[in-house]
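One structure is given below, encoded as structure tokens.
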Amino acid sequence: MGYNDNNIDQVQQSSASRLLFSMNRKLFVAFLAAVLVLGIVGLFTFQTVLQLSDDYDLISRTYVITQSLEKILTHTTLGQTDLRAFYLTMDTTYLRGYHSETDSSRHLLQVLRADIIDKPQKNSLLDLETSLKKREEFNESKIALFFTEGFDTAQAQYPTKKSQELIHRIDSIVQSMELQEETLLAVRYAQMRSRTDQTQTLILSGGVVSIVVLIVVFILLNKEIHQRLRAEEELRRSKEVAESATMAKSLFLATMSHEIRTPMNGVIGMTDLLLLTELTSAQREYAEIIRTSGETLMTLINDILDFSKIESGKLELEQRPIDLQNLIEESFDVVAHRAVEKELDLLYLVDREAPLYIIGDPVRLKQILLNLINNAIKFTDNGEVFVSVNEESKRDDQSVLLFAVKDTGIGIPKEKIDVLFKAFTQVDASTTRKFGGTGLGLAITRRLVELMGGRVWIESEEGKGSIFYFTISVGTVQASEMPPKKYVRGSIPELQGKRVLIVDDNLTNLNILSMQCSMWGMIARSTSSPHEALSWIKNNDPFDIAILDYHMPGMSGVDLARQIHTMRSTPTLPVILCSSSGRSEFSDTDNAMFSSVVVKPIKQSHLHDILLDTLSVTGKKVYAKPQTIHVAAKKIADEIPLSILVVEDNVTNQKLAVRLLQQLGYSADIAPNGRVALTMVANKRYDIVFMDLHIPEMDGFEATREIVRTVDRRFRPKIIAMTADAMSGDRDRCIDAGMDDYISKPVRFEALQASLRIQGATIVKDTVIAQTTQSDEESMRIRLTDILEDTDRQFFDAFVSSYSPQADKIFAQLQEAWQRRNRNDIVFAVHKLRGQALNFGARQLAAQCKEIENADDLYFESLDESALDDISHELRRSKDMLPRIISRTPFV
């Protein structure tokens, strides 16, 4: 497939990652070295600081010890002086002084005991304590003898010489201890100086090493930067080459798409027209084969184009509301004929907790479902294909949905599962030969799921079927923000309490029907055995209605109905039959037994309506034999008259377009190029212009811009692109050029009819609005009347009560966006408010919102607050009108 934007980004990321890894590895080594050096320096510095702190404490302690020793010696000397003065004067005041000095010495001894940690000093302190104690005992004994025997006796027994020896001993010990402390202080100071010098040297060395490391890192970075710049330059050149190749490939694909679709437009279109004519059975068979072959070829082309868009990153997803149940039923409509041919049951169930409405891309989600359902039908010969939807998680207004597509087919070997989602591959060559296919469907499915923020996987066992799972992340919307529809979820008053008998040999379908009827308030009793059902009826179980499947082993639904009607008559027990082909396969007599025949796959809304109709009718319902009607196109020109111009240069396509339009009752003028088209539009008022893009003289884009520029917008025709350009972005380019719609070739009859209805209805509506003087109040009354007729009272009341809070909430969002001058948020808010207004018929409010929604850049550059005030005024007016309208008949 060559290079694309994803390949280029991956190459850039890979190269950048390698460069970054190389750079990071070198930087990491350098960083690690720097951290190691700084760590060593820091550790040693930290240890030095701790040691210095210890040394400081030791020095402080030495100072305290020295001071304490000096004080002990002083207190001892002063005490001895006071004692001599006492002996000489007999004044006891000196004796008290002596005792005070002695107590001070004792206190200082306690301080020394706590501070001295050196062992020799501790021994000296012990000697000092002993000497002081001896001196104290000597003096106390002498004082006591002095008081009892007198001085002479005391002096004789305790001579002064002995006291002086004790004092001298104390003085000697103190001096020795002081000398020892000075020695210790000198040693500690020397150690401190040594450690300080070592730390300074280490810090200096660490700084030098760090500078060297930084220089090395700078050199490495400079080298890596130059290498990276060179690599980026090479990548840039490679990207330019790859982008050139991608553009060439995209141009080639666009050209090939256009060239293939142009002749295919004639093949398929003319075949559709041929099938609308009277044909023999053989001719019709041949024409059907041609159309089927053409559709197969177009499917292949579309798959290849889709794969190319996804691979090149050009596929963009839309974001708009989706009715989830309706989307699944539409998918079933597409494949139902294949399921009927193989007698397979197509079933689905949306969990009651899952949101009814989501925001996403309906076309791509439907494509995913069709890929998986088609795959399931292709590889299933009997049984069923069952689609289920559950809400996996929810946060605010975002929801993750889990889809499962289960079949009872051939299954897939476990060792082959890994190749399923690879492009252009199938399980094996024999599968490709037997079942066909390119192997692109599942590859596209996987990429689409991933674009939707989910994943896809499979559980399978050979011979026992497969289950394909996928998740998507989507926004959700309230039912009140969507157009009203039949209310088919929740209890229905008309069905409340009705007893229903359900008989089906397919247990999955049996459970789904039972669950659905229960959700509508009915009392369901189900069985897979017709004989058990008959036994219940024999026992007079009070059933109000019965739902039977036709294809059941042993006893068909028709046989069971005959047995039931022998026991209970049709009016008392109406019977609904579920069949793959409707009433056509039964006789008139058999058809008369059934109140209704539901064609499989069963749509919930259809079953809901049938149950309501059947249970609301009393008496026997007469079956009218269907008449054979010739297949013909419905002419819509009578109800939507339009003047049409086709701008097309290809003669075959001109004839095809004119003929297709004739089938719908229209005649059309032809313009072979853009310049002729401009002249014809200037001379005649056309309602619709079908514009080909690749036309001579002036292409479709230029012609469209000229029409938009020169023709008054009140009279400007709706321009619909009809082109073979079907690549990503082609639709957006058409809309940006001023076109109103887009149809890709080959043009299908149904697509043309749908586009004419949509655009034609808009033209007619605009004309009616321009001509009518009908008030908003009358418009709202008519709109609400229609809603009440199409729904039930319960839904109508809930719908009406939601208008004011929903509108106020949206208007608050609009005000906030207006204040922030955020164009995207403003357009999104007015779009939602316009939808809300149209739901209730508030035409003036919707028109004001539409004007802002379609405003140009200049309008948003200078936002006028008056426009917001006008919307606020119209919103209040519509809310005031609503209760007045509701208070009148037929709403009360």
Side-chain angles (χ1 to χ4, degrees), residues 323-326 328-329 347-357 386 388-391 478-480 482-504 506-528 532-533 536-537 539-549 564 568 570-578 594-598 600-619 621 787-802 891:
D323 182 335
L324 191 57
Q325 180 176 299
N326 190 54
I328 296 173
E329 291 179 351
L347 313 169
Y348 80 92
L349 179 64
V350 179
D351 186 73
R352 66 171 62 195
E353 300 299 326
L356 281 171
Y357 303 103
F386 174 47
S388 64
V389 185
N390 292 275
E391 187 173 55
Q478 299 297 323
S480 59
M482 297 292 290
K485 58 176 289 184
K486 284 288 184 181
Y487 190 69
V488 294
R489 179 180 286 197
S491 180
I492 309 300
E494 293 84 352
L495 303 180
Q496 185 72 33
K498 300 293 185 182
R499 296 177 61 86
V500 56
L501 169 64
I502 305 172
V503 186
D504 195 326
N506 186 305
L507 296 180
T508 305
N509 199 37
L510 195 67
N511 292 333
I512 291 174
L513 289 172
S514 300
M515 189 182 305
Q516 189 60 65
C517 290
S518 299
M519 286 172 60
W520 293 331
M522 304 180 76
I523 301 172
R525 193 172 188 187
S526 60
T527 178
S528 60
E532 185 175 24
W536 292 342
I537 294 175
N539 293 330
N540 294 318
D541 273 17
F543 295 113
D544 297 296
I545 194 168
I547 302 175
L548 313 179
D549 185 40
I564 290 174
R568 289 184 61 178
T570 303
T572 61
L573 183 60
V575 177
I576 297 173
L577 186 69
C578 300
F594 306 115
S595 300
S596 183
V597 176
V598 181
K600 293 183 178 181
I602 302 171
K603 295 183 179 179
Q604 290 184 11
S605 56
H606 187 206
L607 179 63
H608 165 269
D609 291 343
I610 288 174
L611 288 170
L612 278 178
D613 292 342
T614 304
L615 291 173
S616 63
V617 174
T618 57
K621 206 168 190 178
I787 293 172
L788 183 59
E789 290 176 353
D790 290 341
T791 60
D792 54 66
R793 185 72 203 197
Q794 181 181 0
F795 176 82
F796 179 80
D797 292 340
F799 180 75
V800 170
S801 64
S802 71
F891 301 109

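For the atom pair CG (Leu356) and CD (Gln325), the distance works out to 7.0 Å, reported to the nearest 0.5 Å. Rounded to the nearest 0.5 Å, atoms CZ (Phe594) and CD1 (Ile576) are 11.0 Å apart. Atom-to-atom distance recorded for Ile523:CD1 and Cys517:SG is 11.5 Å, nearest 0.5 angstrom. Annotation: the span from Asn509 atom CG to Leu513 atom CG amounts to 4.5 Å, rounded to 0.5 Å.
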Next on the checklist: side chain to side chain contact (heavy atoms under 4.5 Å, CB included) for Asp323 and Tyr357? Distances and angles first, verdict last.
Outcome noted: CA-CA 5 Å; Asp323 182 335; Tyr357 303 103; 3.8 Å; yes
Item to check | Val598 vs Ile547, side chain to side chain contact (heavy atoms under 4.5 Å, CB included): CA-CA, chis, key distance, verdict | outcome: CA-CA 10 Å; Val598 181; Ile547 302 175; over 6 Å; no
Next on the checklist: What verdict does the side chain to side chain contact (heavy atoms under 4.5 Å, CB included) test give for Lys498 and Leu611, after you've listed the backbone C-alpha separation in whole Å, the side-chain angles of each residue and the deciding distance to 0.1 Å?
Outcome noted: CA-CA 10 Å; Lys498 300 293 185 182; Leu611 288 170; over 6 Å; no
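Using the six-membered ring where Trp is involved, His608 and Trp520 have ring planes that are perpendicular, over 60° apart on the 30 and 60° scheme.
Closest heavy-atom contact between Val389 and Ala354: O-CB, 4.3 Å. Across all their heavy atoms, Leu510 and Asp504 have their closest contact at CD1-N, 3.6 Å. Closest approach of Arg499 and Pro542 over heavy atoms only: CD-O, 3.2 Å. Nearest heavy-atom pair, Ala533 versus Val503, reported as atom, atom and distance to 0.1 Å: CB-CG2, 3.6 Å. Contact record, Leu573 with Asp544: CD1-C, 3.9 Å, taken as the closest heavy-atom pair. The two atoms that bring Arg352 and Met519 nearest to each other are NH2-CG, 2.8 Å, heavy atoms only.
Checking side-chain atoms of Gln604 against main-chain N and O of Glu329 turns up no donor-acceptor pair under 3.5 Å.
With sequence neighbours left out, the side-chain contact (heavy atoms from CB on, under 4.5 Å) criterion links Thr508 to Leu347, Glu384, Phe386, Asn506, Ile512.
With Ser526 as the fixed residue, the side-chain contact (heavy atoms from CB on, under 4.5 Å) test singles out one of Leu501, Asn511, Ile502: Ile502.
A 4.5 Å side-chain heavy-atom check between Ser528 and Leu507 finds at least one atom pair inside the cut-off.
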